[in-house]
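To start, the structure under review is shown below, and the notes come after it.
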Amino acid sequence: MKCFIIIGLMVLLSSCDITSNANKKINGVSFVASRDSINNRHIKPVLELHANYVAIMPFGFIRNLEHPRITYNSNRQWFGETKEGVEQYVNAFKAKQFRVMVKPQIWVSRGEFTGKIKMNSEEAWKELEETYSKFILDFAKVAEEAKVELFCIGTELETFIDHRPEFWFELIKHIRKIYSGKLTYAANWNEYNRTPFWYALDYIGIDAYFPVSDLLTPTVEDCKQGWINYKADLEMFSENLKKPILFTEFGYRSVDYAGKRPWESDRQMNNVNLEAQLNATQALFETCWDEDWFAGGFLWKWHHKHETSGGNENFMFTPQNKPVEVFIKDWYARY
């Protein structure tokens with residue numbers, strides 16, 4: 001009799017573990033680099049959000065879309081964008097039991113879209129490959145030394161990938177020799193289904209700026225209807241590759257038509273609409289977060305000085321000090 005009781009208890013505990021693991025998601029924020037080091041005052045609001053992951057984002061810079069040389073880790077950059085800054089940010093968050101993704105990114109002069117980076121000669125392509133490899137591998141070493149859990153090998157570089165796929169396969173091999181954690185790539189929402197190297201990574205990373213509604217102030221249901229266009233494809237894509245999907249970026253601006261072109265950061269779009277941001281965000285969570293194929297995601301974006309960031313007059317992406325922050329805090333607390 002005791003034997004049956006013990007076995008039954010083991011089965012029950014096992015099922016509880018399965019349920020617990022099923023509820024674990026990456027509740028992340030994209031933590032914006034600043035000119036300063038960070039301390040517990042900057043981390044506390046992220047803890048209070050119930051986030052369990054942060055993305056730390058060093059930057060490299062390119063002069064224009066045809067320029068092959070990436071400059072980075074210079075004394076003209078903000079502290080948080082440099083090697084020293086990344087190390088300090090990672091150590092500060094890990095001291096508070098956060099997990100971390102290091103996500104090196106490129107900034108093209110005048111804010112041009114990185115997906116259009118394209119060289120005009122073989123020589124230039126080779127130089128870009130050389131400088132990009134150095135940029136990524138240097139931060140992969142930082143990630144390994146800091147015992148970072150997740151490393152992103154690039155962000156929204158579709159033309160570079162389309163024209164030089166062999167380079168990316170070789171780059172992943174080199175990263176694996178340096179870095180022992182999990183790997184992803186941050187594909188743009190309309191790029192992920194033609195990215196060729198997912199099988200060599202651990203997560204299918206998507207910057208999830210899917211258009212979900214053309215309405216000025218869409219309801220939650222309006223936006224959930226918009227997700228119908230994508231959800232089945234995402235699930236099938238994940239199942240076919242046997243890889244979970246991670247939203248390497250997600251979020252909406254607090255503006256009119258927040259769900260129409262969510263990737264837009266044009267400051268001329270400045271009609272504040274907190275309800276549109278809240279409804280679109282709620283629809284994303286209710287559509288994706290409970291799905292088995294979905295690993296979680298990183299909210300775009302979070303500034304280190306919480307008390308002066310965002311607010312009810314702010315029309316940009318951050319949820320800070322807006323109604324949507326309260327919703328996200330409640331949602332993250334469940335997982």
Side-chain angles (χ1 to χ4, degrees), residues 29-36 38 54-90 100-120 124-125 127-140 142-143 151-164 167-168 171 184-191 205-209 248-251 253 261-269 298-304 309 316-318:
V29 299
S30 301
F31 195 82
V32 180
S34 80
R35 359 177 142 221
D36 307 313
I38 60 169
V54 291
I56 304 298
M57 299 169 291
F59 269 84
F61 298 86
I62 288 183
R63 189 181 304 161
N64 58 55
L65 294 170
E66 294 81 35
H67 190 73
R69 184 154 294 275
I70 299 166
T71 60
Y72 66 97
N73 202 38
S74 77
N75 56 16
R76 292 186 294 175
Q77 289 182 247
W78 282 11
F79 175 75
E81 297 174 345
T82 65
K83 179 176 180 287
E84 183 183 1
V86 169
E87 291 169 344
Q88 195 272 322
Y89 281 27
V90 169
V100 177
M101 174 171 72
V102 170
K103 184 169 176 269
Q105 297 188 207
I106 293 176
W107 180 262
V108 184
S109 180
R110 297 186 299 278
E112 294 185 90
F113 177 45
T114 53
K116 295 182 178 179
I117 291 172
K118 182 181 178 183
M119 301 299 102
N120 51 26
W125 275 118
E127 185 174 2
L128 175 63
E129 291 173 350
E130 179 184 338
T131 60
Y132 190 81
S133 292
K134 189 173 188 308
F135 172 57
I136 290 296
L137 294 174
D138 277 355
F139 282 106
V142 171
F151 186 79
C152 185
I153 70 170
T155 298
E156 298 179 6
L157 294 167
E158 55 196 86
T159 304
F160 188 177
I161 293 168
D162 288 343
H163 282 77
R164 311 295 283 192
F167 161 77
W168 288 89
L171 177 64
T184 191
Y185 163 72
N188 203 16
W189 67 275
N190 57 356
E191 166 197 359
I206 302 175
D207 288 355
Y209 302 113
T248 36
E249 294 176 20
F250 73 91
R253 289 178 58 191
R261 294 167 61 85
W263 60 89
E264 291 280 8
S265 56
D266 184 355
R267 289 184 173 271
Q268 292 182 349
M269 293 172 55
F298 291 86
L299 184 68
W300 187 263
K301 54 191 177 174
W302 193 273
H303 301 277
H304 77 304
S309 298
M316 297 304 286
F317 281 97
T318 183

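Below, all heavy atoms of this structure are taken into account, side chains as well, without hydrogens, waters or symmetry copies. One-based numbering along the sequence shown.
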Exercise for review: Just do the side chain to side chain contact (heavy atoms under 4.5 Å, CB included) check on Asp162 and Lys118 with the steps written out, would you?
Suggested key: CA-CA 10 Å; Asp162 288 343; Lys118 182 181 178 183; over 6 Å; no
task = Go through Asn64 and Ser109 one step at a time and tell me if the side chain to side chain contact (heavy atoms under 4.5 Å, CB included) criterion holds.
result = CA-CA 6 Å; Asn64 58 55; Ser109 180; 5.7 Å; no
Subject >> Criterion side chain to side chain donor-acceptor pair (under 3.5 Å) on Glu264 and Tyr209, from CA distance to verdict >> reply: CA-CA 9 Å; Glu264 291 280 8; Tyr209 302 113; over 6 Å; no
Task: Candidate pair Thr155 and Glu249, rule side chain to side chain contact (heavy atoms under 4.5 Å, CB included), full reasoning - done: CA-CA 10 Å; Thr155 298; Glu249 294 176 20; 4.1 Å; yes
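From Lys301, atom NZ reaches atom CE of Met57 across 7.5 Å, with rounding to the nearest 0.5 Å. Considering OG of Ser34 and CH2 of Trp78, their distance stands at 7.0 Å, rounded to 0.5 Å. Between atom CG of residue Leu128 and atom CZ of residue Arg164 there is a gap of 9.0 Å, rounded to the nearest 0.5 Å. Here the OG1-NZ distance, from Thr159 to Lys116, works out to 8.5 Å after rounding to the nearest 0.5 Å. Note: Glu66 CD to Met119 CE = 6.5 Å, rounded to the nearest 0.5 Å. One finds the CD1 atom of Ile56 at 11.5 Å from the NZ atom of Lys103 (value rounded to the nearest 0.5 Å).
In this structure, Val54 and Tyr89 have side chains that are not in contact, with every pair of non-hydrogen atoms separated by 4.5 Å or more. Residues Ile62 and Thr114 form no side-chain contact, since every pair of their non-hydrogen atoms from C-beta on lies 4.5 Å or further apart. Here the side chains of Ile106 and Ile117 are in contact, with some heavy-atom distance below 4.5 Å. Side-chain atoms of Val102 and Pro58, non-hydrogen and from C-beta on, do get closer than 4.5 Å to each other. A 4.5 Å side-chain heavy-atom check between Val29 and Phe298 finds every atom pair outside the cut-off. Contact annotation: the side chain of Ser309 never approaches that of Trp302 to less than 4.5 Å [non-hydrogen atoms, C-beta and beyond]. Here the side chains of Asp138 and Lys83 are not in contact, with every heavy-atom distance at 4.5 Å or above. Looking only at side-chain heavy atoms (C-beta outward), Ile161 and Glu191 come within less than 4.5 Å of each other.
When every heavy atom of Ala143 is checked against every heavy atom of Phe151, the shortest pair comes out as CB-CD1, 3.9 Å. Considering every non-hydrogen atom in both Cys152 and Pro104, the closest pair reads O-CD, 3.3 Å. Residues Tyr132 and Ile153 come closest through the heavy atom pair OH-O, 2.6 Å. Listed here is the closest heavy atom pair of Ile70 and Phe135: CG2-CG, 4.3 Å.
Here Trp263 pairs with Trp189 under the ring pair (Phe, Tyr, Trp, His ring centres under 6.0 Å) rule; sequence neighbours left out. With sequence neighbours excluded, the residues that form a ring pair (Phe, Tyr, Trp, His ring centres under 6.0 Å) with Phe167 are Phe160. Applying the side chain to side chain contact (heavy atoms under 4.5 Å, CB included) test to Asn75 and every residue at least two apart in sequence or in another chain returns nothing.
Listed for the Thr131 side chain is a donor-acceptor partner under 3.5 Å among the backbone atoms of Pro68. With hydrogens and angles disregarded, no donor-acceptor distance shorter than 3.5 Å links the side chain of Gln88 to the backbone of Gly85.
When only modelled atom types and interatomic distance are considered, Tyr72 and Glu81 share no side-chain donor-acceptor pair under 3.5 Å. A side-chain donor from one of Asp207 and Thr248 sits under 3.5 Å from a side-chain acceptor of the other.
Taking a cutoff of 4.0 Å between a charged side-chain nitrogen and a carboxylate oxygen, Lys134 and Glu130 do not qualify as a salt bridge.
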